[in-house]
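Okay, so here's the structure we're looking at.
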Amino acid sequence: MGVRHAVVAGGGIGGLVAAVALSRRGWRVTVCERAPVLSGIGAGIVLAPNALRALDSIGLGPEVWAGDPLLGSIGLRTPDGTWLSRTGSSAMSSRYGPPARAVHRGFLIDALAAALPPGVVRLGVSVTGVDDAGGTAVVRTSAGDLRADVVVAADGMRSVLRGQLFPRHPGLRHAGEAGWRAVLPGVGVPARSAAETWGRGERFGIVPLVDGRIYVYATAAAGPGTQPADHHAELTRRFGAWHDPIPALLDRLGRRDPDPVDVLHHDFYELASPLPRFHSGRVALLGDAAHAMTPNMGQGGCQAIEDAVVVAHLLAGDADVPAALAAYTKARRRRTTRISSRSRRIGELARLSHPLAVSARNLAVRATPRAVTSRALDTVLGWQPPPGPAPTVRA
Ligand SMILES: Cc1cc2nc3c(=O)[nH]c(=O)nc-3n(C[C@H](O)[C@H](O)[C@H](O)COP(=O)(O)OP(=O)(O)OC[C@H]3O[C@@H](n4cnc5c(N)ncnc54)[C@H](O)[C@@H]3O)c2cc1C
């Protein structure tokens with residue numbers, strides 16, 4: 001059998017990991033990315049132990065494990081600074097292996113792109129559809145048709161290919177929340193521990209990145225399309241009186257000197273219901289295209305990475321493509337559906353705003369023994385990847 005060709009729609013986290021994993025399994029790969037450049041938008045991302053293990057299994061450990069893991073404690077606080085729950089990162093790492101790392105998205109995208117053979121990524125090329133009737137699939141793109149033995153739809157939460165393959169699926173639904181994200185220079189702001197602070201229907205998160213900068217995010221209950229006129233003023237109004245170092249971080253966010261900080265603001269969406277399958281014939285859907293979830297567990301990208309590693313593993317050798325993709329659905333659908341549901345439930349708890357409900361929630365979080373929380377996380381963070389590719393086929 002000659003070298004088989006995989007076309008990946010989308011050069012985000014999931015698409016690039018799939019491209020690396022498939023090329024290291026001996027596939028010729030073309031990634032079509034509609035944007036003119038590969039870019040990790042200006043925000044951080046937490047790579048949990050399950051994602052780090054998945055990356056390591058395809059030989060990407062050293063690229064993304066550089067720098068210090070999250071230090072100190074990881075936990076949940078109230079706006080006056082009281083800790084509701086707190087876990088030392090060393091306890092987390094002894095339980096789950098590699099400790100979580102928080103990186104800038106741009107760093108991750110660059111590391112993934114650098115791991116690909118030259119010429120794999122075609123920028124400014126949009127995938128518009130797929131014709132999968134014959135022995136190979138034909139991928140329609142803005143730059144012409146491409147023949148493919150397998151197509152990986154990694155085209156994000158508004159996936160064109162999902163819409164084509166599952167026309168009756170209801171698509172996305174608004175999650176009742178919107179969020180802000182920004183990356184700040186760390187200098188002078190003491191924020192070594194990662195923490196999320198829950199108020200009444202609002203949250204503020206602080207995550208030190210491995211490069212010394214600080215990733216901050218905030219959420220608030222909101223309907224679709226709500227855009228504050230001035231993000232800094234809105235964030236200060238909501239969070240300016242919360243515990244240290246939040247006021248100092250907001251102050252840095254508002255300064256234009258030496259450089260203004262970009263603040264991203266997005267509504268949160270998730271798939272309205274799980275897809276019946278993550279494949280159709282020779283097309284596999286992965287990441288947000290397959291299971292867009294709310295960001296409450298910080299697992300959307302981690303699950304995209306797991307998907308990519310699993311689908312490449314199942315497509316290794318001379319695997320029959322449709323059979324391998326049916327096995328991929330079996331391996332991934334249940335797990336990602338559970339994690340999406342859990343993420344939705346966390347969002348519901350975090351959005352509580354009635355004072356009595358908030359007190360009851362906080363009491364319950366404080367009273368939950370650490371062993372119970374850890375057990376609940378075991379299935380998510382303790383995931384083991386399939387065996388990686390043999391070294392001989394590595395690029
Ligand atoms: C506020 C927030 C915080 C988050 N924090 C975390 C976190 O800490 N940890 C975590 O694991 N996850 C996190 N997530 C989730 C994570 O960002 C997503 O799950 C992840 O980016 C999904 O990756 P993907 O490759 O499937 O899709 P995307 O990253 O959306 O990539 C899709 C790519 O496809 C391209 N594309 C789209 N349509 C086409 C087309 N027709 N043709 C060609 N190219 C196309 C796009 O330009 C894009 O580059 C967070 C999400 C949000 C909103």
Side-chain angles (χ1 to χ4, degrees), residues 7-19 30-52 54-55 70 100-105 108-109 112-113 121-130 139-143 146 151-164 172 175 177-182 194 196 203 205 207 209 215-219 263-271 278 284-308 336 339-340 343 347 380-381:
V7 172
V8 179
I13 296 168
L16 292 178
V17 175
T30 304
V31 176
C32 298
E33 166 56 50
R34 72 175 171 196
V37 285
L38 287 180
S39 97
I41 48 162
I45 184 163
V46 178
L47 295 171
N50 51 313
L52 292 171
L55 290 169
L70 288 175
R101 270 165 170 74
V103 298
H104 195 283
R105 282 174 187 250
L108 179 60
I109 293 287
L112 296 174
V121 180
R122 296 182 61 185
L123 295 169
V125 177
S126 294
V127 170
T128 53
V130 63
V139 182
R140 314 277 180 212
T141 83
S142 56
L146 293 169
V151 182
V152 176
D155 49 346
M157 67 161 67
R158 297 184 195 282
S159 168
V160 168
L161 294 182
R162 183 181 70 230
Q164 183 197 326
L172 297 176
E177 248 179 327
W180 294 262
R181 286 178 283 173
E196 192 167 282
R203 278 175 283 173
V207 183
L209 300 185
Y215 166 45
V216 294
Y217 60 90
T219 71
V263 180
L264 303 170
H265 180 260
H266 292 290
D267 284 344
F268 292 172
Y269 288 91
E270 63 176 338
L271 270 202
F278 287 177
L285 292 98
L286 63 72
D288 282 4
H291 46 66
M293 61 182 76
T294 57
N296 304 311
M297 287 189 68
Q299 275 288 325
C302 297
Q303 292 305 303
I305 292 169
E306 286 188 11
D307 291 343
T336 52
I339 292 173
S340 303
S343 184
V380 179
L381 305 183

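The first residue of the sequence shown is numbered 1, and numbering continues consecutively from there. All ligand and atom numbering here is 1-based and tracks the order in the structure.
- Checking side-chain atoms of Ser142 against main-chain N and O of Ser126 turns up a donor-acceptor pair under 3.5 Å.
- Atom 12 (N) of ligand 1 has as its closest protein heavy atom Gly301 N, 2.9 Å.
- Taking CD of Gln299 as the start and OG1 of Thr294 as the end, the distance is 11.5 Å to the nearest 0.5 Å.
- Regarding atom 25 (O) of ligand 1, its nearest protein heavy-atom neighbour is Gly14 N, 2.8 Å.
- Expressed to the nearest 0.5 Å, how far CG of Leu285 lies from CG of Asp155 amounts to 7.5 Å.
- When non-hydrogen atoms are compared, ligand 1 lies under 4.0 Å from the backbone of Ala154 (N, CA, C, O) but not from its side chain.
- Closest non-hydrogen pair, Ala19 versus Val31, comes out as CB-CG2, 3.5 Å.
- The distance criterion of under 3.5 Å between nitrogen or oxygen atoms is not met by Ala304 with respect to ligand 1.
- In this view, Tyr269 satisfies the side chain to side chain donor-acceptor pair (under 3.5 Å) rule with no residue, not counting sequence neighbours.
- Shortest contact from atom 41 (N) of ligand 1 to any protein heavy atom: Val127 O, 3.0 Å.
- Residue-to-ligand polar distances place Arg34 within reach of ligand 1: an N/O pair is separated by less than 3.5 Å.
- Listed by atom number, the atoms of ligand 1 under 4.0 Å from Pro295 heavy atoms are 2 (C), 3 (C), 4 (C), 50 (C), 51 (C), 52 (C).
- For the pair Val46 and ligand 1, the shortest N or O to N or O distance falls below 3.5 Å.
- Considering every non-hydrogen atom in both Met297 and Ile339, the closest pair reads SD-O, 3.8 Å.
- Not one N or O of Phe268 is nearer than 3.5 Å to an N or O of ligand 1, by distance alone.
- At the top of the distance list for atom 37 (C) of ligand 1, counting protein heavy atoms only, stands Asp155 O, 3.3 Å.
- A side-chain donor from one of Thr219 and Glu177 sits under 3.5 Å from a side-chain acceptor of the other.
- With a 4.0 Å heavy-atom cut-off, ligand 1 is reached by the backbone of Gln299 but not by any atom from C-beta on.
- Residue contacts with ligand 1: Met157 is placed with no nitrogen or oxygen under 3.5 Å of a nitrogen or oxygen of the ligand (distance criterion only).
- The Cys32 neighbourhood of ligand 1 comprises atoms 43 (C), 44 (N), with distances under 4.0 Å to a heavy atom of that residue.
- Pairing each heavy atom of Val160 with each of Thr128, the nearest pair is CG1-O, 3.6 Å.
- The part of Arg105 lying near ligand 1 is the side chain, judged by heavy-atom distances below 4.0 Å.
- Rounding to the nearest 0.5 Å gives a distance of 12.0 Å between CD1 of Ile13 and CG of Asp307.
- Protein heavy atom in closest approach to atom 53 (C) of ligand 1: Arg181 NH2, 4.0 Å.
- In terms of heavy atoms, Leu264 sits closest to Ala43 at CD1-CB, 4.0 Å.
- Remark: distances from the non-hydrogen atoms of Val125 to ligand 1 include one below 4.0 Å.
- Less than 4.0 angstrom separates some heavy atom of Gly287 from each of these atoms of ligand 1: 26 (O).
- Taken to the nearest 0.5 Å, the CZ atom of Arg162 stands 5.0 Å off from the CG atom of Leu172.
- No N or O atom of Ala289 sits closer than 3.5 Å to an N or O atom of ligand 1.
- Near Gly156, with a cut-off below 4.0 Å to any heavy atom, the atoms of ligand 1 are 27 (O), 30 (O), 32 (C).
- Nearest approach of Leu286 to Gly15, heavy atoms of both residues: CD1-N, 4.3 Å.
- Of the protein's heavy atoms, Gly10 CA, 3.3 Å lies nearest to atom 34 (O) of ligand 1.
- From the protein, the heavy atom lying nearest to atom 48 (C) of ligand 1 is Glu33 OE1, 3.5 Å.
- Some N or O of Asp288 is nearer than 3.5 Å to an N or O of ligand 1, by distance alone.
- Ile305 CD1 to Asn50 CG: the interatomic distance, rounded to the nearest 0.5 Å, is 8.5 Å.
- The structure places OG of Ser343 at 10.5 Å from CD of Gln303, a figure rounded to the nearest 0.5 Å.
- Summary of contacts: the protein heavy atom closest to atom 31 (O) of ligand 1 is Gly12 CA, 3.5 Å.
- Every N/O-N/O distance between Ala9 and ligand 1 stays at or above 3.5 Å.
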